[in-house]
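Structure first, commentary second.
Worth saying up front: this structure is predicted, and the values here are computed from it rather than measured.
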Amino acid sequence: MLELISAARRRKRPPTHQLFDVVTMEFRVGLLDIDLNMHLNNAKYLKFMDRSRLEHAVVTGLLNRMLEARCNGVVANTEIAYIRELRPYQQFQVHTRILGWDDKYVYYDQRFESQRKLHTHALLRVANVYGGKSVSPQTVQEMTGINLTSPALPEYVEQWKRLLQTKRRLTESD
């Protein structure tokens with residue numbers, strides 16, 4: 001809750017980063033963050049990812065624009081690869097960046113690193129919501145005045161999108 005209050009207070013400050021910049025936050029694994037295997041609990045990764053995306057939105061000015069437009073982003077899908085564990089008291093950084101968007105979603109890349117080694121990599125796709133309904137990233141840009149062109153999404157994101165489409169077809173046929 002304190003993080004939300006801090007973000008709300010800082011949201012009107014001039015942006016210090018561009019929308020496609022990598023924003024890095026420092027953390028340390030606390031004793032309440034670990035599981036029985038004595039490493040960072042998988043649910044806590046999502047907490048750190050949420051906090052880092054919020055910081056990205058604050059320092060790029062996106063949060064203020066979205067709030068003024070009465071629009072918000074909701075995580076639609078997450079894909080996480082756990083590569084190395086994070087142990088109690090270990091310091092780590094979360095690097096967050098927007099990769100781009102398509103006609104429906106905005107794609108984020110988040111990486112957990114410690115001592116310059118990759119520990120966890122996550123992809124997220126976020127749907128924009130206005131008035132309780134999903135709106136396109138293009139509509140959000142018009143509402144917020146951002147008006148940028150999305151870079152081409154990396155091939156691994158395109159492959160992930162195809163996998164999600166296949167999974168959706170399977171669930172619709174059940």
Side-chain angles (χ1 to χ4, degrees), residues 3-4 7 17-25 33 35 37 39-58 60-86 92 94-113 118-174:
E3 294 155 351
L4 290 174
H17 292 72
Q18 299 297 314
L19 189 65
F20 295 112
D21 287 350
V22 174
V23 175
T24 301
M25 291 192 71
D33 299 329
D35 60 18
N37 295 316
H39 60 211
L40 185 61
N41 178 295
N42 62 330
K44 296 294 184 169
Y45 280 93
L46 299 176
K47 176 185 136 190
F48 290 121
M49 289 164 54
D50 283 346
R51 176 64 186 96
S52 297
R53 281 192 319 282
L54 179 61
E55 184 66 17
H56 184 279
V58 169
T60 61
L62 182 61
L63 179 64
N64 191 47
R65 289 174 179 251
M66 295 282 282
L67 288 175
E68 287 179 351
R70 293 189 165 85
C71 191
N72 64 321
V74 178
V75 174
N77 299 94
T78 305
E79 188 281 329
I80 301 177
Y82 302 101
I83 300 161
R84 293 180 179 85
E85 63 187 0
L86 289 166
F92 64 95
V94 178
H95 306 281
T96 302
R97 68 183 173 132
I98 292 178
L99 296 170
W101 51 84
D102 58 21
D103 58 335
K104 193 170 182 181
Y105 300 103
V106 177
Y107 294 87
Y108 282 82
D109 180 285
Q110 293 190 279
R111 296 168 188 256
F112 288 68
E113 293 182 6
L118 181 64
H119 285 253
T120 303
H121 180 243
L123 290 175
L124 295 94
R125 73 178 184 177
V126 175
N128 296 298
V129 179
Y130 175 75
K133 295 184 180 179
S134 182
V135 294
S136 71
Q138 185 59 42
T139 301
V140 171
Q141 286 198 35
E142 292 165 5
M143 295 167 64
T144 59
I146 292 175
N147 299 320
L148 293 173
T149 302
S150 174
L153 292 170
E155 180 57 29
Y156 63 91
V157 173
E158 295 295 345
Q159 291 173 2
W160 183 46
K161 287 170 57 175
R162 287 191 291 277
L163 173 65
L164 292 171
Q165 289 169 347
T166 301
K167 286 173 73 173
R168 183 176 183 128
R169 282 193 299 273
L170 287 172
T171 59
E172 287 173 348
S173 66
D174 287 344

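Legend: residues meeting side chain to side chain donor-acceptor pair (under 3.5 Å) with Thr139, ordered by chain and number and at least two apart, are Ser136. Residues satisfying the ring pair (Phe, Tyr, Trp, His ring centres under 6.0 Å) test with Phe112, not counting sequence neighbours, are Tyr45, Phe92. Considering only residues two or more places apart in sequence or on other chains, Arg111 meets the salt bridge (charged side-chain N to carboxylate O under 4.0 Å, His left out) condition with Asp109. Among residues two or more places apart in sequence or in another chain, the side chain to side chain donor-acceptor pair (under 3.5 Å) test is passed with Asn64 by Arg11, Glu68. The salt bridge (charged side-chain N to carboxylate O under 4.0 Å, His left out) test applied to Asp21 returns no partner, not counting sequence neighbours. Listed by chain and number, the residues in a side chain to side chain donor-acceptor pair (under 3.5 Å) with Arg70 amount to none (sequence neighbours excluded). Applying the side chain to side chain contact (heavy atoms under 4.5 Å, CB included) rule to Asn37 yields the partners Asp35, His39; only residues at least two apart in sequence or on another chain are considered. Annotation: side chain to side chain donor-acceptor pair (under 3.5 Å) contacts of Glu113 (sequence neighbours excluded): His95. Contacts of Pro154 classified as side chain to side chain contact (heavy atoms under 4.5 Å, CB included), with partners at least two apart in sequence or in another chain: Leu99, Tyr156, Val157.
Residue pairs that meet the side chain to side chain donor-acceptor pair (under 3.5 Å) test with at least one member in residues 71-83, sequence neighbours left out, are Asn77-Arg125. Each side chain to side chain donor-acceptor pair (under 3.5 Å) pair with one or both residues in residues 96-106, not counting sequence neighbours, appears once here: Thr96-Gln110, Asp102-Tyr107, Asp102-Lys161. Counting only residues at least two apart or on different chains, the salt bridge (Lys or Arg N to Asp or Glu O under 4.0 Å) pairs with a member in residues 138-157 are Glu155-Arg162.
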Test side chain to side chain contact (heavy atoms under 4.5 Å, CB included) applied to Ile98 and Leu19, step by step
CA-CA 7 Å; Ile98 292 178; Leu19 189 65; 3.7 Å; yes
Residues Ile146, Leu62; criterion side chain to side chain contact (heavy atoms under 4.5 Å, CB included); working and verdict
CA-CA 9 Å; Ile146 292 175; Leu62 182 61; 3.5 Å; yes
Derivation and outcome, side chain to side chain contact (heavy atoms under 4.5 Å, CB included), residues Thr60 and Phe20:
CA-CA 9 Å; Thr60 61; Phe20 295 112; over 6 Å; no
Start with the C-alpha distance between Asp50 and Lys47, add both sets of side-chain angles, then the distance that settles side chain to side chain contact (heavy atoms under 4.5 Å, CB included), and finish with yes or no.
CA-CA 5 Å; Asp50 283 346; Lys47 176 185 136 190; 5.9 Å; no
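Contact between Gly100 and Ser150 at its shortest, heavy atoms only, is CA-OG, 3.2 Å. Of all non-hydrogen atoms in Cys71 and Val135, the two that sit nearest each other are SG-CG2, 4.3 Å. When all heavy atoms of His17 and Val22 are compared, the pair lying nearest together is CD2-O, 3.9 Å.
Residue Met143 holds its CE atom at 9.0 Å from CG of Asn128, rounded to the nearest 0.5 Å.
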